[in-house]
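So that the names make sense, note that chain A is the first sequence line, chain B the second, and so on, each numbered from 1.
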Number of protein chains: 2
Amino acid sequence: MDALEAIRDKGLRLTPQRRLVYAALAEHAGHATADQLCSAISLKVPGFQRTTVYRTLDLLVELGLARRVQLGHASAYEAVRDGSELHQHLVCEVCGSTTDIWVPQLLDGVRTATSQIGFELDQVELVGHGRCRACARQLA
Amino acid sequence: MDALEAIRDKGLRLTPQRRLVYAALAEHAGHATADQLCSAISLKVPGFQRTTVYRTLDLLVELGLARRVQLGHASAYEAVRDGSELHQHLVCEVCGSTTDIWVPQLLDGVRTATSQIGFELDQVELVGHGRCRACARQLA
DNA sequence: TTATATGCAAAGCCTTTGCAGAATT
DNA sequence: AATTCTGCAAAGGCTTTGCATATAA
């Protein structure tokens, strides 16, 4: 559980707040907005600051412990776990829920296209928009 | 040139401002932010309102004449043209430039993955992050 | 003529920044 | 003890909203 030691390894400080943000992120199975994380933490620590959440998330992203994802117009964060680099996101336009999917060969396809034009690819973000199973049924 | 008649068909009004926004969007080969469009239009019509640009873009998106794309943290718009649904975007993290690419079978792959879980897919947005050819060279 | 659109100003998100006091190492 | 972090308040982008006036139909 101490991926967080990476913080100390950088000569930075492992504060209670940073542990809380990381823990909240890890508990939130999928992805969470800064605001959701702050609300979750506030249940235990009333008055926890959004500012601190943002600053900590920036740090975690920089250390490679978290990843920022853009779902539609909303930004969210997810903990980086082994293999989790590979999933992609679906956003339901009706209920707003998000689902993870795995598209085989996606990365290969994109790498092929980018290498042809000399673009050095770091990361691929894919977001699908539509209606989740539940909402699709209700509308049918 | 009168895709814009779709506006009148909806019982709405085809104003000079709406023509200007649409024209600016069509001229901007790739994608443009609301602000870029507003600046461009302001050269001809000083004092043109950002508000109007936003409202018009919303309308164009609703009518299917424009598409909103999310490039990293920035929102941009592009005119919808035949076949243009199929391209995807690369963002250079160094210079901020964006490039269009075409990834064959991308949509097929995503459709396969979504259909398995009953998600009704409307649109797929893919953004690759990295360094464009020019920036990659300078750093090498 | 009448409903719709624009201009302007103001408010609303989400996120970042500045600074003094608190806390980690 | 020294430097880094947090809390708070305030500012900053981008986008939306409200309302009176102007305008398309």
- According to a strict under-4.0 Å criterion, is A:R18 in side-chain N/O contact with OP1 or OP2 of D:dC5? yes
- Message: Could you tell me how far apart B:L63 (CG) and C:dA5 (P) are, to the nearest whole angstrom?
- Response: 11 Å
- Note on the structure: Residue pair A:G11/B:A74 against DNA chain D: nearer the 5' end by closest nucleotide is A:G11
- Message: Measure CG/B:L37 against C1'/D:dC14 and give the value in whole Å, please.
- Response: 14 Å
- Establish, with yes or no, whether the OP1 or OP2 oxygen of C:dG7 is under 4.0 angstrom from a side-chain nitrogen or oxygen of B:T52. yes
- Item | Quiz item: B:R8 side-chain donor-acceptor pair to D:dA25 base, under 3.5 Å | no
- Message: Would you call the rings of A:H89 and A:H31 parallel, tilted or perpendicular, taking 30° and 60° as the class edges?
- Response: perpendicular
- Is the shortest side-chain N/O distance from B:S75 to OP1 or OP2 of D:dT15 below 4.0 Å? yes
- Message: Below the 4.0 Å mark, does C:dC8 have OP1 or OP2 next to a side-chain nitrogen or oxygen of B:T51?
- Response: no
- Might you confirm whether atom CD of A:E5 has over 12 heavy atoms from other residues, nucleotides or ligands at distances under 6.0 Å? yes
- Query: Are B:D58 and B:R68 ion-paired here, with the side-chain N under 4.0 Å from a carboxylate O?
  - Reply: no
- Query: Is A:Q49 near enough to D:dA9 that one of its side-chain N or O atoms lies under 4.0 angstrom from OP1 or OP2?
  - Reply: no
- Query: Is there a donor on the side chain of A:R13 or the base of D:dT3 sitting less than 3.5 Å from an acceptor on the other?
  - Reply: yes
- Any side-chain N or O of B:R55 less than 4.0 Å from the OP1 or OP2 oxygen of C:dA5? no
- Look at the side-chain N and O atoms of A:Q17 and state whether any lies under 4.0 Å from the OP1 or OP2 oxygen of D:dG7. yes
- Task: Using the closest heavy atom to pick a nucleotide of DNA chain C for each, name whichever of B:T56 or A:T15 lands nearer the 5' end.
- Result: B:T56
- Message: Rounding to an integer number of Å, can you tell me how far A:R68 CZ sits from C:dT15 C1'?
- Response: 8 Å
